[in-house]
Amino acid sequence: MLRPKIPTNPTPTVQASRPVAIEPAAVVPSVQAPPPASAPSRPMVQLTPGTALALVGGGTAVVLAVGAVLVSMLLAVAITGASVAVCALVIRSLINADAKRR
């Protein structure tokens, strides 16, 4: 009923020909062009003590902000885990107390 049909590989219709050998062309030395005149280059970024201090301050602020976010997320997970544990203990004690009454 459900038989897979395996495709057959068609036979190639074009015959492969021999590769043609290509002879290397003669190398002719050319006259080298003079180097271009000194073009105006991009301005270099210079770090002054003020900019270095600003970069360090900005990096410190970013690290502190990311650290505060990560610590708050860790604290939220810890509080959630503790509350789930307390709920589990309360439910277990209620079930055990109900079982002792019977």
Side-chain angles (χ1 to χ4, degrees):
M1 187 170 119
L2 297 174
R3 293 186 182 180
K5 292 184 179 180
I6 300 173
T8 59
N9 291 334
T11 58
T13 57
V14 179
Q15 292 182 350
S17 62
R18 289 185 171 187
V20 179
I22 299 174
E23 295 182 17
V27 178
V28 179
S30 63
V31 178
Q32 293 183 349
S38 60
S41 61
R42 295 186 303 175
M44 292 178 52
V45 176
Q46 295 180 356
L47 286 177
T48 61
T51 56
L53 187 62
L55 284 174
V56 169
T60 304
V62 167
V63 167
L64 288 176
V66 169
V69 169
L70 291 177
V71 167
S72 65
M73 289 171 59
L74 180 64
L75 186 61
V77 168
I79 291 172
T80 304
S83 65
V84 167
V86 168
C87 289
L89 288 175
V90 168
I91 291 173
R92 191 174 93 183
S93 67
L94 289 175
I95 291 174
N96 285 340
D98 189 38
K100 287 181 182 178
R101 286 186 199 161
R102 290 183 183 185

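We number each residue from 1, following the sequence as shown.
- With sequence neighbours excluded, the residues that form a side-chain contact (heavy atoms from CB on, under 4.5 Å) with Leu64 are Thr60.
- Taken from CD1 in Ile91 to CG in Asn96, the straight-line distance is 12.0 Å, to the nearest 0.5 Å.
- A single hydrophobic cluster is seen to contain both Val62 and Leu70, as judged by linkage of ILVMFWY side chains at heavy-atom distances under 4.5 Å, directly or through other members.
- Listed by first and then second residue, the side chain to side chain donor-acceptor pair (under 3.5 Å) pairs that reach into residues 46-56 are Thr48-Thr51, sequence neighbours excluded.
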